[in-house]
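Here is the structure we will look at, set down as structure tokens.
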Amino acid sequence: MKRRTFLQHSLGGLAGLALPVSALAYHNNSFQSHAYSRKPFALPPLDEGKWVNGKRVFNLTLQKGESKILDDTTTETIGINQAFLAPVLRFQKGDTVKMQVTNKLEEEAALHWHGMILPASEDGGPHQAMKPGKKWVAEWKVLNEPATYFYHSHTHNHTGEQVWKGLAGQMQIVDESQDKALNLPHEYGIDDYPIIIQDRQFEESGEFFYSNQRMHKMNGMHGDTILVNGAINSELKPGTTSVRLRLHNGSNARFYDLVFSDQRAFNIIGTDGGLLEKPITINRIRLAPAERAEIIVDLSDRKPLTLVNLRGYGNVSDSRNMTVMHFNSTQSKKVKPFKIQPLVTLPNWSDVAIAQTRPMNLEMHMGPQMMFTSGGFTINGEAMDMDVINEELKANTFEIWELKNNSDMLHPFHVHNTQFKILDKNGIQPHPWEQGLKDTVTVHDNEVVRILFPTGPYQNSEVPYMYHCHILEHEDAGMMGQFTTT
Ligand SMILES: [Cu+2]
């Protein structure tokens, strides 16, 4: 294979995204049925584990709770070590992490470490589900690069509902010495912030609205209310005027098309699985469910600023732009703005031997089978079956997968146990937020996306990993397959 040009970003790919200023009118959630006062930014608790016998140990309890998300009432939620959502878990490359998980829910639950390269038995997919009251321990040596990751429910047929209710959080692999050497903001809650963006729909009673009805299954669950780290309409007062935002689409199905209210430029420094070779300056970013991107934003003008989701992108058409969150930097400590400089060297896979090229055809059949839990949503004509291994990979090799979307909707495709490179999308270079190491990629309708990845070092002929659409309702409805690596 020839050395590809995907590391050298061509601005051509962005031309189609030019944004007229007039498109930027946004509304302060005024169309919603509940009232939302402006709230302080919700910084999730930071959990760095405890060192026990050379391992970094995390104790995680899945539990039910009541949360004050709305101004006027409470909502039944689930969370990890808290009522709703979860702490940010921080660790380092090279650590051995030990996740001691207890399921105190009244339902089965699996907890998946999204983006991690790890043995299949530790992956937290549907085969590692915990019955109510049971514990599960996952342990692995951290091989991944420093970046922003995701942990969330992966329970067979119930991932969507459990994530919606709160079974999701962010993991961060950090390298302080590298961040210092590169002058990257890295102090949690001071200049480095998790920004987990999720949409929710509420009943009049204040409870979450979640539905398995055909339309919701087809579109995936969307809500008219946007939360950041569980808080609606929140305002961050950052510690400094140059901040690193770990943007993280934690939504079930909503695609975001994000800009700042003044369309200011910012630098993207990292994607799903690591830093980019060089920051790329953009003023708009699109994130599919489960995608992450680290950006650095200059707030030294101290002007009020809002992060806005533009209408019109994704699988549902909203009538207006939506407020994501606000920034108030009037009291922020003035620091030098970020300077563009080389960051890291990404692995060069241009000459690797490809052990196998596999087609992955994503399809939706809108007939009566959609009424059933598993049916209508397929990959290569097969709906997810816990008893069927769809693909067998060889460990320590490279594969190219050709993701082809034969439906009318966008599907974010995720492969477990790897970080891949997007070679091209219908032969065209990926966008800036699709450069670098990735574990999830949007496949547009009638698009073919080619991804290249190492199959990893772990071998197990019994326990599979998953690949699936990360619209969680599509995953639950069968758009998922299983592979072993031996
Ligand atoms: Cu899908």
Side-chain angles (χ1 to χ4, degrees), residues 112 114-115 125-126 150 152-164 168 198-199 210-223 249-257 272 286-292 313-317 358-367 369-385 390-391 401-416 420 422 425-426 434 438-449 451 465-483:
H112 167 58
H114 179 121
F150 191 10
H152 61 78
S153 162
H154 212 309
T155 313
H156 189 49
N157 293 146
H158 294 282
T159 296
E161 185 164 10
Q162 289 185 344
V163 169
W164 188 263
Q198 299 173 312
D199 60 329
Y210 190 86
S211 163
N212 290 308
Q213 282 174 349
R214 181 190 163 102
M215 185 193 77
H216 298 291
K217 206 189 276 186
M218 189 178 74
N219 291 338
M221 278 300 293
H222 288 70
N249 184 347
S251 305
N252 284 39
R254 183 178 286 281
F255 290 70
Y256 294 93
D257 190 0
D272 297 343
R286 288 177 163 179
L287 292 178
E291 280 190 303
R292 291 89 62 206
Y313 181 58
N315 288 323
V316 301
S317 44
R358 293 175 206 263
M360 290 286 156
N361 295 302
L362 313 179
E363 285 170 353
M364 295 168 73
H365 308 280
M366 307 315 285
Q369 69 267 46
M370 260 205 72
M371 302 307 284
F372 301 101
T373 306
S374 284
F377 293 80
T378 60
I379 300 174
N380 292 338
E382 306 281 338
M384 168 70 178
D385 182 336
N390 304 87
E391 306 289 338
W401 285 14
E402 295 178 344
L403 318 174
K404 186 169 185 220
N405 182 351
N406 300 320
S407 78
D408 294 334
M409 297 178 72
L410 285 62
H411 301 284
F413 193 84
H414 171 50
V415 188
H416 288 207
F420 52 74
I422 303 169
K425 306 183 91 178
N426 274 355
E434 298 177 316
K438 294 280 297 165
D439 54 51
T440 306
V441 59
T442 301
V443 191
H444 289 255
D445 41 320
N446 298 311
E447 191 172 52
V448 179
V449 176
I451 61 173
Y465 300 102
M466 307 292 137
Y467 54 90
H468 58 92
C469 176
H470 222 286
I471 292 176
L472 300 180
E473 287 70 29
H474 292 183
E475 174 195 327
D476 283 339
M479 197 179 272
M480 175 154 69
Q482 311 197 80
F483 69 98

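Not measured: the values here are computed from a predicted model. In each ligand, atom 1 is the first atom listed, and ligand 1 is the first ligand listed.
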Given 3.5 Å as the limit, does a donor-acceptor pair link the side chain of N390 with the main chain of Q482, or not?
yes
Can you say whether the rings of H112 and H154 are parallel (under 30°), tilted (30 to 60°) or perpendicular (over 60°)?
perpendicular
Looking at the rings of H468 and H411, which for Trp means the six-membered one, are their centres under 6.0 Å apart?
no
Anything protein N, O or S sitting under 2.8 Å from the Cu ion (ligand 1): count it and give me the total.
3
Centres of the W401 and F420 rings: under 6.0 Å?
no
So, do H416 and H414 have ring centers that fall under 6.0 Å from each other?
yes
In chain order, what residues pass the salt bridge (Lys or Arg N to Asp or Glu O under 4.0 Å) check against E391, with sequence neighbours excluded?
R358
